Each structure stands twice: as structure tokens, then as C-alpha cells.
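As the structure is a prediction and not an experimental result, all values here were calculated from the model.
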Amino acid sequence: MFQPKRLERWDAGSAPGFQVLGVAFTRDALARFPAHICPPDAHVTTAEFADFVRAPLVWTAERRIIVSPLVHPAFDACDLAAVMCEKGFDGQYLAICNAVADPEVIRADIARIAPNLSFDIVNLDGTRRLRAV
């Protein structure tokens, strides 16, 4: 599994049908997420935001998902979505939070910034369900 201190290139190699890249999450944190976010059989890799910005993405699986905090000291979901758009990523992006008052405002911002992303917000407090993406 690929997890260097400084990410030169994000490459999952011969991954199964599902790849998860956790930006600003540890492997342990991702393993505690529900299976619909991070399936047990997924190839999981992590990266810090600065490394993600610098490294090209190489995907081999049909289903690709990037998971990050909605808000982090180094970035927010809009920042990360803009980088994904620049890199040509058109997979699924889930932003994780404990609660958010108006997720539709954030979804609209992300849709404006990166229209090709399949984006949603996951409230870990369970107050809102995932929207169909």
C-alpha cells in the first residue's frame, strides 16, 4: 500500500473495483467509517492536502472516491473540489462533518466550482441522509 510522507504520485496500482483516497484522514479513521463510505475491500490510500495538490492522480478502479473533512485547518471542501477539477477528477467526493446547517448551499458551491464531481456531504451525527449521487 502506498503511503509516503511526501506524495510524489498517487497510484493505487492493481486495485480492486473500488479505490478510496482519504485527504487529511488516517487509515484508522477511514476504517471506522460506515461500509458505504469506505468498503472493507476497497484499496485505501491517504494523503495530506499539500501532497494531494502537488501529486498527479492515477486511478485504476472503476469506482473512485475521495473523502475529506468538510472543513480542515489547511483547506475546505471548495478548495479540494477546485484542485480535483484542475486534475480532471470526475469521480465521487464525500465531505465528512459532524453537522452542517445548510448542506444545499455547500452543494451548490461545489457544483459551481467542479460541475463534473459527484459530491455529497456526510453528517456523522446522523441528522441527514446521503443524497442520491
Taking the side chain as C-beta and beyond, is there a heavy-atom pair between [X] and [Y] under 4.5 Å?
X	Y	answer
Cys78	Ile110	yes
Leu21	Phe52	yes
Thr46	Thr26	no
Cys38	Val67	no
Ile96	Ser68	no

[X] to [Y] - nearest heavy-atom pair and separation:
X	Y	value
Ala114	Ala81	CB-O, 3.7 Å
Phe18	Pro39	CE2-CD, 3.4 Å
Arg64	Asp90	NH2-OD1, 2.8 Å
Arg107	Asp120	NH2-OD1, 2.5 Å
Lys87	Arg54	NZ-C, 4.3 Å
Val20	Ala42	CG2-CB, 3.9 Å

Problem set entry | Mutual orientation of the aromatic rings belonging to Phe75 and Phe49 [parallel < 30°, tilted 30-60°, perpendicular > 60°] | parallel

Kindly compute the distance separating [atom1] ([X]) from [atom2] ([Y]), expressed to the nearest 0.5 Å.
X	Y	atom1	atom2	result
Arg32	Leu124	CZ	CG	10.5 Å
Tyr93	Leu80	OH	CG	4.0 Å
Ser118	Ile66	OG	CD1	12.0 Å
Ile106	Leu70	CD1	CG	4.5 Å

For this session: Evaluate side-chain contact (heavy atoms from CB on, under 4.5 Å) for Asn123 paired with Cys97, printing each intermediate quantity in order.
Result: CA-CA 5 Å; Asn123 287 315; Cys97 66; 2.8 Å; yes

Exercise. Can you hop from Ile113 to Ile121 via hydrophobic side chains spaced under 4.5 Å?
Worked result: no

